[in-house]
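Quick notes on the structure that follows.
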Amino acid sequence: MNLRDSLVVKLWFTIIVIVTAVLIILSISLTFYFKNYALNNSENNLLNDLERIEQEILMHHEDAINTQKVHTENNLIVYQNGRYVSANSETDKIIFDYIINDRESNSDTLFIKHGENKEYMVKVLNMSQYYDTDTLLIKYSDMSPIYKSIRDITMIISISAFIIFIVTTLFSFLLIRKITDPLIALRDASLKMASGQFSKLEVKSFDEIGELTLAFNKMSEDIKDNIKNLEHEKNLRESIFTSISDGILFFDENNNTIFRNKEGDIWLKEIIHQQSLVDTINFYLDRTKDNFESFSITESVNEDTYVEISFTPVVYSENIGVTVTIRNITSEKKLEDMRAEFISSVSHELKTPMVMITGYSEALLDGIVTDKEEVNSMLSIIKDESDRMNHLINELIEVNKLEFNSDLFNIKDNDFNILMDDIEKRFSYEAKDNNLNFEVINTLENSIFPFDYDKMYQVFTNLIDNAIRYTTAGDSIIITLNENKNNITIKISDTGIGMKASTLNRIFERFFKEDKARTRGKQGTGLGLSIVKSIINKHNGTIDVESEYNKGTTFIITLSKEGQQ
C-alpha cells in the first residue's frame, strides 16, 4: 500500500493542516494585534504629551516659539511663522524638513525613516487658531524599541506555535495510531481470514472500535463454523458420490462438465473417444434442458460393455443444468442374454426327446406297430428319452441349488485319499472296458481337510466321464495330486482329442457342448462342467483348463486346506 493511501497519513495530514492553519492565523492575528497596540499606544502617548504642552503654553500665555518647554521636553519641535525651535537640532531638522517640504498628506501622524535602522513616529498638533501666524507643535518618538518588542513578541509567538505544532503532531499521531492500530489488526485478520486463517483479536477498549472488534470476532467464529460445516457436507457429499458405483456427471447450460465423481470421470474418458456416442449425449442434454424432462437410453460403449445413461434436468442459479447418471448394465445385459440362451437351450434340449416320445407314443397308440420286437424297441427309445429328460431336469435343479443354496453342502473334515481310492475303483473297470490307461498318482501326506465328500465325488465323476467321452482306445487318463502348506493341486489329464483354443473360454458355460461327432457315445446336457465349477467355487477353490487340439486336455483344480470361507 502506498504511503499516501494510508489512513494514518491522511488523518495525520488533515489534523496537521488544520492545526497549522489555526496557528498561522492566530500568530498573524496576535502579531498584528500587538503591533497595532504598540503603535496606537505610542500615538496616544505623543498626542497626550502634545495636548499637555499645549495646555501649559496656553495657561501661561506664552509665545509658543519662546516657551521653556522646548528645552525641557524631549523630542519636541515648535514651528511658528517659518521658524522652528527644538532641543536636538540634527534629528529635529530632518523631521522638520520632512514635514515642511516632503509631506504628501494632511495626516497629523507621520512615520519618518532615518537611515536604515531608525524610524520615528511623528505627531503634529496645529495651534494656529491661538496665534496670528501658523503655529505647530511637533512631537516624535523613536520606534526602534517598539519594533524590537514586536519582533520579540513575534518570535515568542512563532516559537510557541512551533512547539504547539510539534506537540500536536506527536499527540495526533499517537491518537491516530490508537484509533488505526485496531483497524490495521482488523485488516490483517480479514486478509488472513480470506486465506483460511482464522484468529481471534484482543479487545483493548469498549468504544466503537472495541465493539467492531467484538463483531469481527463473532463474524470470524460464525464463518469458521459455516466453512467447517460446508467442508463436512462437501466431504460427505464427495464421499457419497465417490462410493457410488454409477458414474455421475453434471453439465451446465453450455454442456460443459462442472462436476463428476471418480466413476463418472472414468466413463467420460471412455466416451469421448466415440464421436457418435458424444453426439447422442449432447442431443439428449439439449433435449432434456429444452423439455425439462428426464430421459434414459441404453448404449454400447464397446463390444462387451453396455451402459444405461439417464438425463435429469436441474435448476441452479437461474440456469438449467443436467445431471447424467451412467450405470454399467453389462452384467444385466449378459444375464438377460444368458436367460434368453438358457430358455432357448432348454427348449432345444427338451424338444428332441419330447418329439421322439410323442411320435413313438402315437405310433403305439394308433396300432401302427404291432411286432413285439419293434414295440419293445420303441418303448426302449421312449424310456431312454424320458431318462434323458429326467437327467436334464435333475441337472437344472442341481445347478440352481448349487448357486443359491449353500446349505446343500456338507463340508467337514474328510480324508481325500479315501475319495481317490473310491474314484479309482469306480473308473478302473470302465477305463479297462474302453481300452484306456487309467492311473492315479497320489503324493498327499496330509490328506485330511474340510470338503464335501459327495460333491467332490460328483466333480471327479463329471470330469472323468468327459475324459472317457473325448478319448479313444489306447489313450490315457491320469490323475495327479500334489500339496503344499495351504493348498492341494489336482490335475486330471487325458491324451484325447483335446479342444480348440476358441472353445476354452466357454466350456464352463451352461449347455455348451463340444462337436458331437468328436465324442464317444452319447453327448451330455452341457451342464456338467458348469456344475463342477460351482462346486469348486463353494469349496473356495479354483478350476482351470489347458488343452491342445488333438493332443489332450488337463483340468487343474486347486483346493484350500482351510475349506469353505
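Residues passing the side chain to side chain contact (heavy atoms under 4.5 Å, CB included) test with I297, sequence neighbours excluded: T280, Y284, E299, I309, F311. Under the ring-ring contact (aromatic ring centres under 6.0 Å, His included) criterion, F250 pairs with Y316, sequence neighbours left out. For the ring-ring contact (aromatic ring centres under 6.0 Å, His included) test, residues two or more places apart in sequence or in another chain that qualify with F259 are F241.
Residues D265 and K269 are paired through a salt bridge, judged by an N-O separation under 4.0 Å between the basic side chain and the carboxylate.
Relative orientation of the Y457 and Y453 rings is parallel, given thresholds of 30° and 60° on the angle between their planes.
The heavy-atom pair separating F449 from K561 by the smallest distance is CB-O, 3.5 Å. Across all their heavy atoms, K289 and N254 have their closest contact at NZ-N, 4.4 Å. Across T443 and L481, no two heavy atoms sit closer than the pair OG1-O, 2.6 Å. Nearest heavy atoms, D452 versus K455: OD1-N, 3.2 Å.
Heavy atoms of other residues, nucleotides or ligands lying less than 6.0 angstrom from CD of E546 number 12 at most. Residue Y429 places its OH atom among 12 or fewer non-hydrogen atoms of other residues, nucleotides or ligands, all under 6.0 Å distant. Sparse packing is recorded around NZ of K491, with 12 or fewer heavy atoms of other residues, nucleotides or ligands lying under 6.0 Å away. Crowding of Q275 atom CD: a count of heavy atoms from other residues, nucleotides or ligands under 6.0 Å exceeding 12.
The residue from N414, N442, D415 that alone fulfils the side-chain hydrogen bond (donor to acceptor under 3.5 Å, both in side chains) condition with S447 is D415.
Defined by atom type and a distance below 3.5 Å, a donor-acceptor pair is missing between the side-chain atoms of S310 and T325.
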